[in-house]
Amino acid sequence: MPYIYSIIKADYLQRTRSYAFLITLAVTVYVAYLFVPPTSASYTTLSTVGFKSVYNSAWVGYISATMTAVMLSFYGFLLVNNSIRRDIDTEVGLIIAAMPVSNFKYLLGKQLSNYAVLCTIAGCTFVVSILMFLVRGAGYPFVLAHFVLPYLFFVLPAMFLVASLAVVAEVFLGKRSILQFILYFFLCGACMAAINKPGNHLSSGIFDPFGLSLVTSSVKNQVNAQYHQHIEQVSFGFIFNKRQPFKTFVWNGISWTSLFVFSRLLWMSFALGLVYLSSFFFHRFDFSNGVRKKKKQKDLIQKKEGFSMMPSGISRASMPPVNFDYSMFPFIKTELLLLVRQGNKWLWLLNIGLSLSMLFAPLTVASSYLLPALWFLQVTRWSDLVTKEKSNRVHYFTYAAYKPLQRMLPAQIIAGFLLAIGLSLPLILRYVIALNGLAILNIVAGALLVVLLAVSTGILSGGKKLFEVFFFLLTYMLINKLPAADYLGVMPQHHTLVYTSVLVSIVFLLAMISFVARSYQTKHL
Amino acid sequence: MALEIKGLTKQYNAAKIGLSNYSITIDKGILGLLGPNGAGKSTLMKIIATISQPTSGTLFLDGVDIVSNPNFIRKVLGYLPQDFGVYPNLNAYEFLEYIAAMKGVGGKGLRRRIDMLLEGVNLTADAKKPIGTYSGGMKQRVGIAQALLNDPKVLIFDEPTVGLDPEERVRFRQLITEMANDCIIILSSHIVSDIETIADEVAIMQGGKLVTKGYPNQIIEQANGQIFEVLLENTDVAAFKTRYQVIDTGRHDARTRVRFINPDNSAIPEAKPIDASLEDAYLLLTQNKA
């Protein structure tokens with residue numbers, strides 16, 4: 001046990017003692033504030049068409065817990081799926097591998113530290129939910145159990161599962177972060193869709209890992225009973241509707257059954273079982289049994305280690321004279337090369353497939369769904385753009401380069417931008433044919449905005465996670481049609497030059513922040 | 001060509017000082033930096049390499065202030081940091097091209113130059129393989145090659161022989177001896193013998209300050225007459241260590257031969273004075289300043 005405790009403690013402190021984590025908490029507080037919208041807002045977070053609940057403590061507590069379980073299940077995975085990778089990168093793993101700690105105990109330590117991080121964030125939303133009740137409660141009595149119980153039975157078991165899945169994904173998919181994201185989101189998305197599906201029969205909630213169907217079916221039953229309706233669907237998430245008249249209903253929470261509580265324990269046991277099973281496949285930081293081809297290559301190189309530097313050494317006199325060339329082109333070329341080579345090469349088939357599909361899909365689908373999804377698939381490439389120097393310890397060279405600020409940083413931004421534009425070409429082509437210059441301008445501004453968001457958050461936080469979480473939330477909210485998240489200007493009300501100017505202004509602001517922060521960094525290593 | 005450093009101070013926070021009012025003039029040739037961990041060697045090198053700014057003080061290269069004009073030295077700088085990394089997805093050739101771009105080196109001669117450097121560090125056969133598959137020694141050789149890409153006039157090597165096998169260390173020493181004719185080379189190492197063999201001058205640092213600077217024989221001279229050797233019973237060694245600073249011990253005919261510093265030249269039965277080495281002088285000088 002002391003091993004596990006030490007692993008959990010060290011890992012938890014390592015992750016939470018960072019500006020990136022503080023910013024994540026700040027974003028979480030803001031998102032938790034959005035969970036409980038005012039009645040006049042143009043969106044709801046749990047709704048059925050034409051009906052809204054009064055803001056009593058049950059509604060505020062459950063809605064906050066439900067949304068925390070949903071949102072944190074998605075972006076929480078992004079936050080915690082690098083605990084083993086960090087041990088590989090820092091080579092702490094090699095020390096751990098030589099310790100008597102078993103694979104299972106090590107992975108359990110990682111799972112529990114993931115869980116501790118997620119619970120810390122959930123703790124913030126819990127506090128915000130109580131504050132939101134005080135703000136929006138409209139005189140209803142405060143019942144603490146309406147806040148504590150949904151967090152206890154929805155959020156905590158769900159986070160336990162997310163923490164386990166992050167470990168399992170790392171064991172089986174290693175450094176293939178984007179593949180982990182895709183599979184996880186597919187799994188999570190399918191799960192949420194099953195809960196959201198009209199007429200689903202998961203009213204007991206035991207087969208639902210998040211337990212949310214218990215809430216949706218209870219709300220449905222309440223509305224149907226109070227207004228003698230036959231509504232089939234209750235939706236959750238950020239849902240934007242045109243303002244329309246609605247009736248209010250009073251919902252007093254759900255009755256917890258021992259079967260449901262037992263099912264939470266079963267889900268947590270299942271999560272623990274997954275970690276246990278994956279421990280049999282854990283590499284324990286020994287990568288010598290990798291792909292045979294790679295092994296052969298390594299062996300070959302190690303054999304050649306017998307030779308050392310040539311006896312002749314390096315003769316300066318015989319070398320061609322140095323020609324100075326301060327252009328940015330070689331940088332852009334190498335940065336593009338690094339972007340393209342990052343990640344699994346087979347995923348390029350998915351990128352190309354999605355990109356080409358924008359030629360044939362309806363224009364709205366292509367611009368509102370396919371392009372954001374395609375760009376999100378590049379999240380690990382862009383998050384690596386300005387953080388790779390430090391993670392690969394190349395920053396000693398780059399900061400000592402000739403005019404790093406005027407040459408290197410612009411080259412990185414241009415390379416990231418070219419990747420975004422390259423992938424968007426089919427859509428741009430359609431806009432060219434349609435002579436829609438503003439839409440093209442919006443894509444260009446959107447590409448710059450995403451790249452500069454990656455650059456600025458990467459420089460400021462020194463890590464990738466902040467951008468990955470930001471970009472996930474941005475993509476999620478754009479796909480859910482949150483107007484404030486429309487960084488591509490795809491919503492009809494944003495087809496104006498004024499909106500494009502706003503995007504361009506944000507681009508300039510982010511660029512300024514990036515250059516000022518990088519300028520400071522290059523002088524203060 | 002000369003690098004003039006005057007009153008250089010680097011204060012990280014109220015409790016941590018990297019360099020304290022450090023002044024030194026470095027001319028063409030090889031300057032070896034010696035000092036215990038935390039002496040300020042890497043801080044000094046980072047400031048000269050312009051990746052860290054001093055809190056106060058000046059640095060002039062050929063009369064040009066490089067604190068306010070860092071690009072002046074960057075054009076002629078070759079820097080091999082202690083703890084550098086590489087992009088594992090690039091091969092050695094691509095990585096050197098990238099570094100060349102950082103240094104502003106291009107043109108037709110670049111390919112030939114990279115080829116020759118790779119040949120010089122014996123990486124031609126593996127030049128097209130990802131650096132991620134290289135061993136530690138091979139990565140170190142890539143690091144050495146990158147430092148030489150721009151025909152540097154100021155070369156900074158922070159612990160350059162780490163990871164190199166004995167044969168490679170010999171080659172490296174030959175290489176920089178050859179380079180030293182027309183440029184400034186600043187070299188730090190914990191391996192005193194490396195410094196002793198190749199450095200024209202040696203600077204010993206401690207606690208962010210310069211303890212001494214001079215030719216190796218001048219520094220060794222400061223220790224002569226204070227280094228002694230004695231044969232002790234094994235059981236007496238522990239007690240002896242409490243009274244004298246022991247530099248080295250070795251087994252000899254079931255007894256222990258002890259090399260130690262005897263600054264007072266106090267009378268010890270059977271102890272005899274011996275010729276000092278640079279390592280002895282280094283230990284003596286850093287002990288005195290501790």
Side-chain angles (χ1 to χ4, degrees), chain A residues 294 297-298 300-302 304-335 337-338 340-342 388-404 406-408 411 520-525, chain B residues 46 49-53 70-71 74-75 77 79 81 83-90 94 97-110 112-113 116-117 119-122 125-126 129 133-135 137-138 141 144-146 148-151 164-165 167-168 171-172 174-175 178-179:
Chain A
K294 275 188 184 168
Q297 196 176 38
K298 191 115 183 173
L300 191 70
I301 289 175
Q302 276 165 354
K304 283 182 182 165
E305 265 298 81
F307 300 92
S308 61
M309 284 192 253
M310 299 280 277
S312 57
I314 297 163
S315 167
R316 291 177 85 184
S318 61
M319 281 199 190
V322 170
N323 294 315
F324 287 100
D325 172 8
Y326 299 119
S327 73
M328 267 199 290
F329 178 72
F331 280 133
I332 299 171
K333 184 186 134 192
T334 311
E335 289 292 341
L337 205 64
L338 287 165
V340 170
R341 283 188 189 165
Q342 209 224 31
K388 65 179 182 299
E389 286 124 329
K390 276 214 164 170
S391 57
N392 290 301
R393 299 195 307 281
V394 179
H395 57 297
Y396 296 109
F397 302 134
T398 54
Y399 292 0
Y402 181 71
K403 295 190 173 177
Q406 295 93 323
R407 299 165 67 235
M408 282 211 59
Y520 179 84
Q521 282 179 350
T522 53
K523 292 169 193 160
H524 296 87
L525 195 64
Chain B
K46 280 179 187 171
T50 71
I51 55 176
S52 181
Q53 279 202 326
N71 288 316
R74 284 172 180 170
K75 281 183 182 177
L77 178 70
Y79 177 40
D83 182 29
F84 75 96
V86 289
Y87 288 139
N89 288 337
L90 295 182
E94 289 163 343
E97 268 189 325
Y98 183 62
I99 300 284
M102 282 186 209
K103 292 170 181 254
V105 176
K108 285 180 184 172
L110 178 62
R112 177 84 190 115
R113 204 171 173 81
M116 290 181 77
L117 283 168
E119 198 180 316
V121 295
N122 194 29
D126 300 311
K129 288 170 188 157
T133 61
Y134 284 15
S135 69
M138 292 167 85
R141 283 187 264 154
I144 292 166
Q146 68 76 29
L148 306 176
L149 264 170
N150 56 333
D151 195 17
L164 298 182
D165 64 28
E167 193 188 347
E168 287 171 333
R171 303 289 170 228
F172 175 75
Q174 286 175 357
L175 169 72
E178 194 183 307
M179 307 273 308

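Protein chains get the first letters and strands the later ones, always in sequence-line order, with residue 1 at the start of each. Heavy-atom basis, side chains included; hydrogens, waters and symmetry copies ignored.
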List the atom of Asn89(B), the atom of Gln342(A), and the distance in Å for their closest heavy-atom pair.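 So the minimum-distance heavy-atom pair works out to ND2-CA, 4.2 Å.
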Describe, in one word, how the ring planes of Tyr98(B) and Tyr87(B) are oriented to each other, choosing from parallel (under 30°), tilted (30 to 60°) and perpendicular (over 60°).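 It falls in the tilted class, 30° to 60°.
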Please state whether the rings of Tyr79(B) and Tyr396(A) are parallel, tilted or perpendicular, taking 30° and 60° as the class boundaries.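 Rings of Tyr79(B) and Tyr396(A): perpendicular, as their planes differ by over 60°.
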What part of [X] is in contact with chain A, defined as an atom under 4.5 angstrom from a non-hydrogen atom: side chain, backbone, both or neither?
{"X": "Val86(B)", "value": "backbone"}
{"X": "Ile99(B)", "value": "side chain"}
{"X": "Lys46(B)", "value": "side chain"}
{"X": "Leu148(B)", "value": "side chain"}

Quick one: does Pro404(A)'s side chain get under 4.5 Å of Arg74(B)'s, heavy atoms only?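 Side chain of Pro404(A) against side chain of Arg74(B), heavy atoms only: contact under 4.5 Å found.
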Between Pro320(A) and Lys108(B), is there a side-chain heavy-atom distance shorter than 4.5 Å?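 No, too far: nothing below the 4.5 Å cut-off.
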With a 4.5 angstrom heavy-atom cut-off, could you sort out which part of Thr398(A) is near chain B: side chain, backbone, both or neither?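 Contact with chain B involves both backbone and side-chain atoms of Thr398(A).
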With a 4.5 angstrom heavy-atom cut-off, could you sort out which part of Met319(A) is near chain B: side chain, backbone, both or neither?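 Both the backbone and the side chain of Met319(A) come within 4.5 Å of chain B.
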Excluding sequence neighbours, so at least two apart, what forms ring-ring contact (aromatic ring centres under 6.0 Å, His included) with Tyr520(A)?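 Partners of Tyr520(A) by the ring-ring contact (aromatic ring centres under 6.0 Å, His included) criterion, ordered by chain and then number, come out as His524(A).
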Looking only at heavy atoms and a cut-off of under 4.5 Å, which of Leu110(B), Leu149(B), Asn150(B), Leu117(B) has the most pairs with chain A?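 If we count pairs closer than 4.5 Å to chain A, Leu117(B) comes out on top.
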Winner by heavy-atom pair count (cut-off under 4.5 Å) against chain B, out of Lys333(A), Gln521(A), Arg341(A):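 That would be Arg341(A).
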I need the residue from Glu389(A), His395(A), Met328(A) with the largest number of non-hydrogen atom pairs under 4.5 Å to chain B.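 If we count pairs closer than 4.5 Å to chain B, Glu389(A) comes out on top.
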Flag, side chain of Arg113(B) to backbone of Val322(A), donor-acceptor distance under 3.5 Å: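 No; judged by distance alone, with no hydrogens or angles, the pair does not exist.
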